[in-house]
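Reckoned from all heavy atoms, side chains included, excluding hydrogens, waters and symmetry mates.
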Amino acid sequence: MNQALEASMHITPLTWLLTILVIAVLLIFDYVFHVRKAHVPTLKEAAIWSAIYIGFALIFGVFVLFFWRGADPTNEFRYGMEYFSGYATEKALSVDNLFVFLIIMTSFAVPPKDQQKALMWGIILALIFRLIFIVIGAAALNQWAWLFYIFSIFLAYTAIKQVVDHRKERKEKLAGTYEDPDMSNNKVVRIARKILPITDSYHKDDIRVKINGKRFFTPMLLVIMSLGTIDLMFALDSIPAIYGLTDEAYIVFTTNAFSLMGLRQLYFLIDGLLERLVFLSYGLAAILGFIAIKLWLHAMHVAGIPFVSDAGFNVPEISTNFSLVYILSVLALTVIASILFGKRHPDDPIIQEARYKYEHRHDHDNDDVF
């Protein structure tokens, strides 16, 4: 995020429309050719399509890098750098969210081959919710610059909570007292069960079925609702985090969209590896804490503090280039440190459990699905 007086990207309504249409086409293609037929994706399928979606995101970033130039000649690639910083951050946060997705699937006892449709619709709901949040956030920040202070404080709190919750969870897992929260009995689900006719069992991956001439919803609807509503909680840290890296609503939306697209494939690809990333929470905390500081400095710049402004103190801002280098470095160190920990502590109970889970996760895969 740079000087507030610098010209914006000037995204036209047509560009917004075309971007949303492209994302919609990709989702429709994904549904028709992969989700419509219920199956558990093989490692090959998940890996290929995860790479394809990451490739789309990187190609789009290169397009932003060279098509939209900053007004400052010394920082003309600012929008592209903001995009890559935002995408790296949002992707890391989305990977962390897979823990909760796994808990939801387990709580509702969703058959593995039927999980794709639930994830697909959950991601679509998440995109809709986040677009609404982004529009509201952009309008609010333009009107009240002091909200950057609120975002900064919230991100700092989230960073600390990441570390505290991780340490507590690991301690309970090692002691054998940890239990996954029951996601199948939240308030939204309880209300839905009261007002909607819902069957007690799944009917393949159908959301609605006809039984004895009457229409019923299946538990699949509750799973999708849980995935969609839980993303509202995720958006509370991901949206402020990306606004800490850019003030362009278009970049905020596209980084969120590309980080969510391909999340379904990533779910099946790294399920079982997630718990082996033992330092992921620390890495995310370091990134969120860094963005909190960046947001605070930016808030001092755009909103000001009376005694600082009166003293004529020039408030510094953290450059986009430094932000990108920092975020990528933290993510790389997080992965490397986790790998080294797994090698040096192969007898760690959590590592052993995760390794067994991953090795046996795809025993039932059908290699001719792809």
Atom of Thr218, atom of Arg208 and distance for their closest heavy-atom approach: CG2-N, 4.4 Å
Side chains of Thr255 and Glu90 in contact at under 4.5 Å (non-hydrogen atoms): yes
Residues that Lys168 engages under salt bridge (Lys or Arg N to Asp or Glu O under 4.0 Å), provided they are two or more places apart: none
Straight-line distance of Leu65 CG to Arg78 CZ, nearest 0.5 Å: 13.0 Å
ILVMFWY cluster membership beyond Ile339 - transitive side-chain contacts under 4.5 angstrom: Val335
Aromatic ring proximity, centroids under 6.0 angstrom, Phe60 and Tyr87: no
Donor-acceptor under 3.5 Å (Tyr243 side chain, Ile134 main chain): yes
Step-by-step side chain to side chain contact (heavy atoms under 4.5 Å, CB included) determination, Leu227 to Leu125: CA-CA 8 Å; Leu227 290 171; Leu125 284 176; over 6 Å; no
Derivation of the side chain to side chain contact (heavy atoms under 4.5 Å, CB included) call for Val223 and Ile104: CA-CA 7 Å; Val223 177; Ile104 290 175; 4.3 Å; yes
Spatial distance of atom CG (Leu127) from atom CD1 (Ile132) [nearest 0.5 Å]: 11.5 Å
Phe253 side chain near Ile23 side chain, heavy-atom distance below 4.5 Å: yes
Residue pair Phe101 / Leu263, side-chain heavy-atom distance below 4.5 Å: yes
Within one Ile-Leu-Val-Met-Phe-Trp-Tyr cluster: Phe33 and Phe56, side-chain cutoff 4.5 Å: yes
Side chain to side chain contact (heavy atoms under 4.5 Å, CB included) involving Thr15 - partner list, sequence neighbours excluded: Ile11, Thr12, Thr19, Trp68, Tyr250
Check against side chain to side chain contact (heavy atoms under 4.5 Å, CB included), Thr89 and Ile242: CA-CA 8 Å; Thr89 301; Ile242 186 62; 5.9 Å; no
ring-ring contact (aromatic ring centres under 6.0 Å, His included) assessment of Phe66 paired with Phe77: CA-CA 7 Å; Phe66 291 99; Phe77 296 113; 5.8 Å; yes
Distance-only side-chain donor-acceptor flag, Ser50 / Gln265, under 3.5 Å: no
Stepwise side-chain hydrogen bond (donor to acceptor under 3.5 Å, both in side chains) check, Gln116 with Tyr267: CA-CA 9 Å; Gln116 287 207 92; Tyr267 172 87; over 6 Å; no
Distance-minimising heavy-atom pair for Leu27 and Met261: CD2-CG, 4.3 Å
Residue pairs involving residues 121-136 (criterion side chain to side chain donor-acceptor pair (under 3.5 Å); sequence neighbours excluded): Arg130-Asp231, Arg130-Ser238, Arg130-Asn256
For the student: nearest non-hydrogen atoms of Ala126 and Leu260, plus distance: CB-CD1, 3.9 Å
Minimal non-hydrogen separation, Ala249 against Trp16, with atom names: O-CH2, 3.8 Å
Same cluster (ILVMFWY, side-chain, under 4.5 Å), Phe154 and Val164: no
Trp49 and Phe29: CA distance, side-chain angles, deciding distance, ring-ring contact (aromatic ring centres under 6.0 Å, His included) verdict: CA-CA 12 Å; Trp49 284 101; Phe29 174 86; 5.8 Å; yes
Those residues that, when tested against Ala332, pass side chain to side chain contact (heavy atoms under 4.5 Å, CB included) (two or more places apart): none
Side chain proximity check, Tyr53 to Phe258, heavy atoms < 4.5 angstrom: no
Gap between atom CD1 of Ile195 and atom CZ of Arg193 - 0.5 Å precision: 12.5 Å
Gap separating the CG atom of Leu155 from the CD1 atom of Ile293, nearest 0.5 angstrom: 11.0 Å
Short side-chain to backbone donor-acceptor contact, Ser259 and Lys91, under 3.5 Å: no
Non-hydrogen side-chain atoms of Lys117 and Tyr31 separated by less than 4.5 Å: yes
Partners passing ring pair (Phe, Tyr, Trp, His ring centres under 6.0 Å) against Phe129 (at least two apart in sequence or in another chain): none
Partner residues of Phe84 under the side chain to side chain contact (heavy atoms under 4.5 Å, CB included) criterion, sequence neighbours left out: Leu58, Val62, Leu324
Heavy-atom side-chain proximity of Met105 to Ser107 below 4.5 angstrom: no
Val32: partners by side chain to side chain contact (heavy atoms under 4.5 Å, CB included), with sequence neighbours left out: Ile28, Arg36
Single-linkage hydrophobic cluster Ile207~Ile128, side-chain heavy atoms < 4.5 angstrom: yes
Please tabulate, one pair per line, all N/O donor-acceptor pairs under 3.5 Å involving side-chain atoms of residues 277-288, not counting sequence neighbours.
none

Rounded distance (nearest 0.5 Å) linking atom CZ of Phe151 with atom CD1 of Ile291: 12.5 Å
Check: Tyr83 and Leu245 side chains under 4.5 Å, non-hydrogen atoms: no
Path from Phe133 to Ile150 over hydrophobic side-chain contacts below 4.5 Å: yes
Ile153/Tyr157 under side chain to side chain contact (heavy atoms under 4.5 Å, CB included): CA gap, chis, key distance, verdict: CA-CA 6 Å; Ile153 294 171; Tyr157 164 79; 5.6 Å; no
Minimal non-hydrogen separation, Pro219 against Thr199, with atom names: CD-OG1, 3.4 Å
Side-chain donor or acceptor of Glu248 paired with backbone N/O of Tyr79 under 3.5 Å: no
Listed partners of Lys161 passing side-chain hydrogen bond (donor to acceptor under 3.5 Å, both in side chains), at least two apart: Asp165
Residues that Asp30 engages under salt bridge (Lys or Arg N to Asp or Glu O under 4.0 Å), provided they are two or more places apart: Arg264
Cluster overlap Phe322 with Leu333, hydrophobic side-chain contacts below 4.5 Å: no
Remaining members of hydrophobic cluster (4.5 Å side-chain criterion), Phe216: Val209, Ile211
Side chains of Ser323 and Lys294 in contact at under 4.5 Å (non-hydrogen atoms): yes
Separation of Ile124 CD1 from Leu119 CG (nearest 0.5 Å): 11.5 Å
Contact summary for Ala292 and Ser152, nearest pair of heavy atoms: O-OG, 2.6 Å
